[in-house]
Amino acid sequence: MSAASQQITSAPAPAQNSARRVIFASFIGTAIEFYDFYVYATAAALVIGSVFFPHDSPTAQALSAFVTFGIAFIARPVGAFLFGHFGDRIGRKSTLVLSLLVMGVATTLIGFLPGYDSIGAAAPVLLCVLRFAQGIGLGGEWGGAALLATEYAPPGKRGRYGMFPQLGPSVGFLMANGLFLALALSLSDEQFKSWGWRIPFIFSTVLVVLGLYVRLKIAETPVFAAALEKRERVKVPAVTLFRHHWRPVMLGSVAMIVCYTLFYIATVFSLSYGVGTLHIPRQEFLALLCLAVVFMALATPFSAIASDRFGRRPVLIAGTLAAIAAGFTMQPLFGSGNMAAIALFLIIFLFLMGVTFAPMGALLPELFPTSVRYTGAGVSYNIGGILGASVAPYIAQLLAQRGGLGYVGAYVSVAAALSLGAVLCMRETRHDSLQQP
């Protein structure tokens with residue numbers, strides 16, 4: 001029997017019950033965190049530009065909104081370093097409670113923030129500050145949630161356990177877009193732009209209270225508890241990480257690019273382009289996105305289980321190759337303006353997002369030893385966000401203006417090819433023990 005199995009088997013009964021709660025907490029926490037993040041992404045595509053920026057040109061307003069969207073991705077590695085330090089030094093549980101609180105407070109305050117017409121230039125400045133705070137909170141979230149799940153996983157099932165935080169984004173997106181869709185159906189355009197868009201931000205308060213209630217009841221992971229007993233913590237995890245583990249950080253970051261690019265091109269850019277350029281009614285496009293995200297959710301357990309059976313690398317290689325090919329479908333499907341073709345395009349992109357994203361819940365924690373695992377997994381995940389998502393809607397908007405959707409599709413294919421190269425340079429990790437110091 002492996003050391004990981006012995007650790008879980010020998011745990012007392014309360015810890016076993018806590019393991020089940022932790023799995024749920026890793027899911028519900030990421031669902032809430034990503035709800036907050038996607039609320040802003042959807043609002044950026046629909047209304048943020050006109051509320052907070054004074055440009056006369058709708059295109060200039062959209063570009064400004066996408067710049068604020070990217071700010072949070074710059075902040076996310078900062079959050080990964082900050083929360084990773086305490087997660088590796090103090091513990092996973094308390095750090096995750098704080099990250100959820102930071103994210104929720106920032107999201108709620110955006111809902112109450114006056115627009116440019118009310119307070120002038122202070123509006124976009126405060127928006128950028130709150131957006132940065134959102135990034136800080138989310139930067140500390142994913143790594144800890146993935147560790148909660150995988151450090152409790154029995155041997156051979158880390159992919160299955162790691163899929164729970166990976167399901168959070170799908171559910172968070174459905175909650176965010178579902179609420180925006182309900183508002184689009186029940187409010188006039190004037191009501192939505194005046195005050196309706198603020199409701200999803202303010203509603204975050206309710207979800208954060210729920211998330212805090214769940215997370216305050218969880219126990220520390222057995223792997224980290226064992227590391228505490230053996231005094232295996234390092235003084236400054238970030239220094240140790242880049243001194244001894246810089247290669248897996250870089251490979252993990254580049255491997256994440258395909259996930260982010262697929263998702264944010266299919267959601268943020270496509271929503272903006274579909275409503276603004278193709279003149280598809282907002283509620284219809286939001287409904288298409290909700291449908292497509294269901295396929296992303298369905299792909300997640302399929303891919304996670306396959307990664308336990310066949311390995312992380314084979315699943316990711318197949319997913320990235322398919323993503324390279326998918327880039328060539330953007331012009332003929334999305335550019336057609338046909339609703340069925342657009343739905344197929346969104347389903348392909350988001351299904352492949354689920355395929356490439358699901359194994360990361362196990363893979364990134366497996367790349368690092370216990371003493372720097374929170375920091376390493378979080379930093380890799382969030383640097384990947386900068387490379388794959390922070391500027392993706394902005395670049396896609398420019399490419400679409402200057403060369404058309406074919407150029408945007410090529411951009412997606414190049415991003416997928418970069419991730420493929422990183423995965424090919426990795427070793428297989430599914431049989432590695434997490435009981436490393």
Side-chain angles (χ1 to χ4, degrees), residues 23 26-27 30 142-143 145-147 149-151 153-170 247-263 266 292-327 329 347-368 373 376-377 380-381 384-385 387-389 412-434:
I23 288 172
S26 70
F27 159 73
T30 54
W142 183 87
L147 265 58
T150 56
E151 289 187 347
K157 294 187 178 180
R158 281 200 298 265
R160 290 171 173 82
Y161 275 56
M163 81 178 179
F164 288 99
Q166 306 305 79
L167 282 170
S170 300
R247 189 172 186 272
V249 169
M250 297 311 299
L251 291 177
S253 299
V254 177
M256 282 297 307
I257 291 176
V258 63
C259 307
Y260 282 110
T261 304
L262 284 168
F263 185 84
V293 169
V294 171
F295 285 85
M296 173 178 155
L298 293 174
T300 300
F302 162 79
S303 181
I305 293 170
S307 77
D308 275 340
R309 181 172 181 181
F310 304 109
R312 319 299 181 215
R313 290 179 77 248
V315 173
L316 289 172
I317 288 170
T320 51
L321 285 172
I324 292 172
T329 69
I347 288 170
I348 290 171
F349 266 48
L350 291 178
F351 181 84
L352 291 175
M353 158 60 174
V355 170
T356 54
F357 188 61
M360 295 297 179
L363 173 65
L364 294 185
E366 288 168 348
L367 293 175
F368 304 97
R373 186 171 294 134
S380 300
Y381 181 85
L387 299 174
V412 173
S413 295
V414 170
L418 290 173
S419 290
L420 175 62
V423 173
L424 291 173
C425 292
M426 287 181 177
R427 59 182 177 82
E428 181 56 57
T429 58
R430 66 173 166 145
H431 295 304
D432 291 1
S433 171
L434 292 187

Short side-chain to backbone donor-acceptor contact, S303 and A299, under 3.5 Å: no
Which atom of A304 lies closest to which atom of G159, heavy atoms considered: CB-O, 3.3 Å
Heavy-atom pair of closest approach, residues L167 and P301: CD2-CD, 4.2 Å
Student check: side-chain heavy atoms of W142 and Q166 closer than 4.5 Å: yes
Whether Y161 side chain and E151 backbone form a donor-acceptor pair below 3.5 Å: no
Stepwise side-chain contact (heavy atoms from CB on, under 4.5 Å) test for F368 and V249: CA-CA 9 Å; F368 304 97; V249 169; 3.6 Å; yes
Stepwise ring-ring contact (aromatic ring centres under 6.0 Å, His included) test for F302 and F295: CA-CA 11 Å; F302 162 79; F295 285 85; over 10 Å; no
Test log, rule side-chain contact (heavy atoms from CB on, under 4.5 Å), inputs S380 and M360: CA-CA 10 Å; S380 300; M360 295 297 179; over 6 Å; no
Closest contact, heavy atoms only, R313 versus E428: N-OE1, 3.1 Å
Nearest non-hydrogen partners of A323 and S413, listed with the distance: O-OG, 4.4 Å
What side-chain donor-acceptor pairs closer than 3.5 Å can you find for residues 349-356, not counting sequence neighbours?
from, atom 1, to, atom 2, distance (Å)
T356, OG1, L352, O, 2.9
T356, OG1, M353, O, 3.3

Polar side-chain atom of R430 near backbone of S307 as donor-acceptor pair, under 3.5 Å: no
Side chain proximity check, M296 to P169, heavy atoms < 4.5 angstrom: yes
Under 3.5 Å donor-acceptor, T320 side chain and A416 backbone: no
I257 side, atom CD1; L262 side, atom CG - distance, nearest 0.5 Å: 11.5 Å
Non-hydrogen atoms of V258 and S419 that approach each other most closely: N-OG, 2.9 Å
More than 12 heavy atoms from other groups under 6.0 Å of CZ on F27: yes
Chi angles and distances behind the side-chain contact (heavy atoms from CB on, under 4.5 Å) call for L316, L363: CA-CA 10 Å; L316 289 172; L363 173 65; 3.6 Å; yes
Partner set under side-chain hydrogen bond (donor to acceptor under 3.5 Å, both in side chains) for R160, not counting sequence neighbours: D308
D432 to E366 - nearest heavy-atom pair and separation: OD2-O, 4.4 Å
Non-hydrogen side-chain atoms of R312 and M426 separated by less than 4.5 Å: no
